[in-house]
Amino acid sequence: MASIAIIGQGYMGNAHAAAWASAGQADAIKYICTPRPKEGSVPAAKNAKYITDLDVILKDADVKYVSVCTPTPTHKDITVALLAASKHVLLEKPIALTVADAKIVADAAAKSSGSLMIAQVVRFFLGYQKLREVSESGELGKLLSVHARRFSPKPTWATWLGDESQSGGMLVDFSIHDFDQINMYLGKPVEVFAAQTSASGPAEITVKYEGGGVGQVQSFMNAAEGVPFTSTIDLLGTSGIAHYEFSAISATEESSSGNNAGVNSWHVFSSKGNTVEQIASDDPYGRQVKYFFDQASSGGKYDLSPTPSAIAALQVCLAAKASLKEGRPVAISAN
Ligand SMILES: NC(=O)c1ccc[n+]([C@@H]2O[C@H](COP(=O)([O-])OP(=O)(O)OC[C@H]3O[C@@H](n4cnc5c(N)ncnc54)[C@H](O)[C@@H]3O)[C@@H](O)[C@H]2O)c1
């Protein structure tokens with residue numbers, strides 16, 4: 001088995017290491033690369049050498065798979081270097097902070113003999129996957145509107161996350177998952193209108209689509225103490241409706257323990273009948289890594305999480321930010 005490297009030893013570096021372990025690849029994690037290595041800070045990577053120099057990984061032909069779990073401003077340069085060295089890269093969302101940088105990353109992937117998948121993990125939750133299957137089966141008819149919500153307490157593990165110039169702020173760092181979902185169902189976004197109660201308050205964003213569909217995203221990253229991480233999605237079609245709701249202490253804790261302390265259920269009500277199901281346990285990060293590994297090892301095509309979708313989601317995030325700033329609907333440009 002070829003080796004794996006993880007760039008970053010923080011929150012997501014640990015989530016990816018646990019995910020690689022859950023995919024049976026813990027022993028293959030050869031390096032953790034980070035500016036200030038702390039031996040043992042990524043316990044799931046028990047054989048890893050902690051290093052500071054990305055060049056070691058670039059030059060090590062044994063390393064074929066790399067998880068990039070660093071602060072967003074570093075995504076472009078690290079990923080472009082890895083792709084130039086023919087690595088298969090699983091890059092944390094958001095792909096970049098600007099569409100121009102995202103396109104540089106995508107171009108580097110197109111030229112590489114390695115490959116790129118953006119880790120839009122929401123696409124790998126069982127419930128989100130179930131709703132996608134139901135919609136693709138035609139059971140809901142033509143989708144008319146999609147509503148997605150995401151709430152969490154304020155993230156406290158990293159200071160850079162609180163700096164909008166580095167994280168992109170809530171509408172980029174957090175809401176991107178939901179914009180990605182509503183785009184996936186409704187197609188080409190054309191106009192975005194966002195409103196927010198205050199700079200740190202909840203935001204409501206309406207997205208209009210070329211085919212006439214309307215999407216709505218509700219985001220809040222300052223939920224009261226005791227409110228667990230929660231995300232929901234609702235599909236409304238001409239032949240039925242579908243709903244998924246996830247609620248746990250944190251998405252990552254849920255995936256590593258498999259223990260769901262909150263709600264994890266979906267239902268479909270359609271002209272074909274009604275189904276209500278609970279999901280007993282889920283491991284979306286593990287499933288994401290497994291999919292990345294399988295696809296990377298067999299041609300590097302990532303239909304479940306294609307890079308153009310990650311860029312389209314970023315475009316909506318940036319238009320939502322512009323709408324908030326300007327207080328009016330903002331058109332999504334064609335490029
Ligand atoms: N998919 C999800 O559920 C999810 C959740 C949280 C964060 N994220 C994304 O994951 C990425 C990382 O976020 P995080 O919360 O793990 O941040 P973090 O601050 O917890 O960890 C970042 C790590 O990267 C290291 N680092 C910084 N600059 C580096 C460089 N140039 N080279 C190598 N290592 C470097 C830091 O020392 C730290 O170890 C961000 O893009 C964030 O948006 C995704």
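The figures here come from the full heavy-atom set of this structure, side chains too, leaving out hydrogens, waters and symmetry mates. Whatever order the structure lists them in is the order used to number ligands and atoms, beginning at 1.
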Part of Lys93 within contact of ligand 1 (heavy atoms, under 4.0 Å):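 It is both parts that get close, each with some atom under 4.0 Å.
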Using a 4.0 Å heavy-atom cut-off, which part of Phe174 comes near ligand 1: side chain, backbone, both, or neither?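 Answer for Phe174: neither.
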Can you tell which of [options] gets a heavy atom nearest to [atom]?
atom	options	value
atom 17 (O) of ligand 1	Trp160, Phe229, Phe124	Trp160
atom 27 (C) of ligand 1	Ala96, Pro71, Gly8	Pro71
atom 40 (C) of ligand 1	Val121, Thr159, Thr70	Thr70
atom 5 (C) of ligand 1	Met12, Glu92, Gln166	Met12
atom 37 (O) of ligand 1	Val42, Asp173, Thr34, Leu54	Thr34

Return yes when [X] approaches ligand 1 closer than 4.0 angstrom through a heavy atom, no otherwise.
X	answer
Ser167	no
Arg36	no
Val122	no

Pair [X]-[Y], side-chain donor/acceptor within less than 3.5 Å:
X	Y	value
Ser305	Tyr291	no
Tyr244	Asn264	yes
His16	Glu92	yes
Ser239	Ser270	no

May I ask you to decide if the ring planes of [X] and [Y] are parallel, tilted or perpendicular, using 30° and 60° as cut-offs?
X	Y	value
Phe125	Tyr285	perpendicular
Tyr302	Phe292	parallel
Trp157	Tyr11	parallel

